Protein chains: 2
Amino acid sequence: MARTTLSADAVVDVALRILDEDSPAALTLSAVAGRAGVATPSLYKHVRNLAELRDLLSARIMNEIADQVGEAVLGRSADEAIGALMSAWRNYALAHPNRYAALVHSPEPRTAEAGTRLINIVLATLRAYGMEDSAAIHAARCLRAVVHGFAALESEGAFGLPEKLDESYDLLIHMVITGLHSPRDAGPLP
Amino acid sequence: MARTTLSADAVVDVALRILDEDSPAALTLSAVAGRAGVATPSLYKHVRNLAELRDLLSARIMNEIADQVGEAVLGRSADEAIGALMSAWRNYALAHPNRYAALVHSPEPRTAEAGTRLINIVLATLRAYGMEDSAAIHAARCLRAVVHGFAALESEGAFGLPEKLDESYDLLIHMVITGLHSPRDAGPLP
DNA sequence: CTAAAAAGCTAATGCCATTAGCCTCACCTG
DNA sequence: CAGGTGAGGCTAATGGCATTAGCTTTTTAG
């Protein structure tokens with residue numbers, strides 16, 4: 001029966017639900033097929049193999065992050081934009097910890113393209129600080145590393161102490177904004 | 001033959017070599033057994049299962065990082081210590097990308113304990129900035145997130161652009177140091 | 001010297017991904 | 001309206017891996 005129900009996108013949808021409701025380890029083709037109401041080998045008509053499904057999943061997730069971060073930045077600029085950007089990014093990871101854990105930062109084209117969308121949003125935001133070209137790239141990398149590090153650790157439950165994580169993140173935002181205002185060649189501080 | 005050759009530690013050694021020479025995905029009990037010159041089920045005399053082997057591996061790696069970071073900080077303080085700490089941490093990830101990728105930040109006791117060693121080193125370093133208690137915890141979390149984010153992304157090969165990564169990291173160190181000198185309640189900048 | 005424990009082995013089970021080859025319905029074509 | 005084609009589904013089979021059970025051998029403690 002050439003039903004029109006299933007497609008690569010639909011398979012990714014199912015995989016996302018498994019990810020959200022179970023764990024990254026529960027993401028098997030068997031589980032996806034079971035939930036889609038289909039025999040396992042049927043999935044191969046839509047997806048080359050498990051590795052490709054993971055790639056598609058990563059790309060989808062990265063695009064969702066770019067969407068949310070892009071929306072958060074709309075209509076803001078400079079410090080306010082940085083804060084909104086960082087909060088939106090972290091909030092995505094908090095709302096979907098398993099998705100964030102499943103996100104792979106590989107050179108795989110689809111995910112890389114979505115990653116480029118995200119980086120471009122960051123670069124655009126940095127223009128408010130007068131950063132261009134190389135300087136902006138370095139700063140964007142730092143911003144990305146900072147947010148990713150916190151989000152990854154937090155969604156893994158790696159922060160054990162009782163101190164409030166919101167406060168830690170506020171501090172981090174503050175540190176980033178301070179750093180952006182202090183150009184690299186400013187030399188040592190007083 | 002109750003040979004004295006194999007032990008849990010030796011199994012972890014073999015697993016580390018597989019990790020270094022192949023990939024995280026190549027780390028199977030079969031591969032470990034093969035390289036150890038033993039049948040697969042024999043490993044269960046030393047390790048409860050694959051999950052425990054991964055935990056032991058994580059703990060080993062985390063301890064190595066703590067060792068290197070602790071050594072880097074020795075005899076330095078304040079800004080110089082922060083820079084040395086951040087460089088040593090990143091250098092470990094660069095030297096052993098697969099180990100860094102295999103590192104899991106779970107609440108698993110052994111790894112958590114090694115992680116505590118590392119955090120204590122960071123906390124001690126922060127004391128040079130007059131930070132204590134809660135403030136130091138928040139700052140330590142930020143430092144950890146910053147370094148982990150950069151190291152994780154770099155060792156995954158996530159930075160695609162041609163700009164030199166050393167320069168990006170220098171900027172990141174600069175940003176962190178600047179942020180540490182600017183207390184949270186300093187208010188907006190000029 | 002002996003007995004028990006430590007550490008190894010083979011065999012067997014079950015899950016998973018993947019491949020091969022078959023079947024059937026939906027739809028387009030004439 | 002008949003028929004053929006292909007997308008999309010299915011069953012069966014294969015091979016890798018983790019894990020368990022139960023046996024055997026070697027140390028080593030007493």
Side-chain angles (χ1 to χ4, degrees), chain A residues 1-61 98-99 101-104 106 108 110-111, chain B residues 1-60 98 101-104 106 108 110-111:
Chain A
M1 343 145 176
R3 307 283 306 287
T4 52
T5 45
L6 220 50
S7 67
D9 261 1
V11 171
V12 173
D13 288 342
V14 174
L16 267 180
R17 294 213 344 249
I18 292 176
L19 210 54
D20 286 340
E21 296 169 20
D22 281 289
S23 75
L27 182 67
T28 70
L29 288 183
S30 292
V32 172
R35 206 182 259 253
V38 119
T40 307
S42 305
L43 296 177
Y44 287 80
K45 296 291 163 123
H46 304 284
V47 157
R48 195 193 315 281
N49 51 31
L50 179 59
E52 194 194 48
L53 174 56
R54 292 218 178 92
D55 286 344
L56 291 173
L57 214 49
S58 274
R60 171 82 72 90
I61 295 169
N98 290 349
R99 295 189 194 187
L103 181 56
V104 168
S106 71
E108 194 274 326
R110 281 171 286 243
T111 308
Chain B
M1 339 140 171
R3 308 283 304 286
T4 52
T5 45
L6 220 48
S7 67
D9 260 1
V11 171
V12 174
D13 287 343
V14 174
L16 267 180
R17 293 212 345 249
I18 292 175
L19 211 53
D20 286 340
E21 297 169 18
D22 281 289
S23 76
L27 182 67
T28 70
L29 289 183
S30 293
V32 172
R35 206 182 260 254
V38 117
T40 307
S42 306
L43 295 177
Y44 287 81
K45 298 289 164 145
H46 304 285
V47 158
R48 194 192 317 281
N49 50 32
L50 179 59
E52 194 192 51
L53 175 56
R54 292 219 178 92
D55 286 344
L56 291 172
L57 212 50
S58 273
R60 171 80 72 86
N98 290 348
L103 181 57
V104 168
S106 71
E108 194 275 324
R110 281 173 287 243
T111 307

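Only a predicted model underlies this, so the values are computations on that prediction, with no experimental measurement involved. Naming: A, B, ... by sequence-line order, numbering from 1 per chain.
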- prompt: According to a strict under-4.0 Å criterion, is B:H46 in side-chain N/O contact with OP1 or OP2 of C:dG8?
  reply: yes
Ignoring backbone atoms, establish whether A:S42 has a side-chain N or O less than 4.0 Å from OP1 or OP2 of D:dG8. no
Send over the distance from [X] [atom1] to [N] [atom2], rounded to a whole Å.
{"X": "A:L43", "N": "C:dT19", "atom1": "CG", "atom2": "C1'", "answer": "14 Å"}
{"X": "B:R48", "N": "C:dA7", "atom1": "CZ", "atom2": "P", "answer": "16 Å"}
{"X": "A:K45", "N": "C:dT19", "atom1": "NZ", "atom2": "P", "answer": "13 Å"}
{"X": "A:L50", "N": "D:dG16", "atom1": "CG", "atom2": "P", "answer": "18 Å"}
{"X": "B:Y44", "N": "C:dG8", "atom1": "OH", "atom2": "P", "answer": "15 Å"}
{"X": "A:R54", "N": "C:dA17", "atom1": "CZ", "atom2": "C1'", "answer": "11 Å"}
{"X": "A:L29", "N": "D:dC10", "atom1": "CG", "atom2": "C1'", "answer": "16 Å"}

Partner of B:L56 under side chain to side chain contact (heavy atoms under 4.5 Å, CB included), picked from B:V11, B:V47, B:D9, is B:V47
Taking for B:P41 and for A:N49 the nucleotide of DNA chain C with the nearest heavy atom, the one nearer the 5' end belongs to B:P41
Comparing A:G37 with B:A31, nearest DNA chain D nucleotide closer to 5' gives the residue A:G37
[X] side chain, from C-beta outward: closest of [options]:
{"X": "A:L6", "options": "D:dG9, C:dA20, D:dA18", "value": "D:dG9"}
{"X": "B:T40", "options": "C:dT10, D:dT19, D:dC17", "value": "D:dT19"}
{"X": "B:T28", "options": "C:dA17, D:dT11, D:dC17", "value": "D:dC17"}

Tell me, do [X] and [Y] make a side-chain contact under 4.5 Å, heavy atoms counted?
{"X": "A:V104", "Y": "A:R54", "answer": "no"}
{"X": "B:R60", "Y": "B:D13", "answer": "yes"}
{"X": "A:L53", "Y": "A:L43", "answer": "no"}

Under 4.0 Å between a side-chain nitrogen and a carboxylate oxygen: does that hold for B:R35 and B:E21? yes
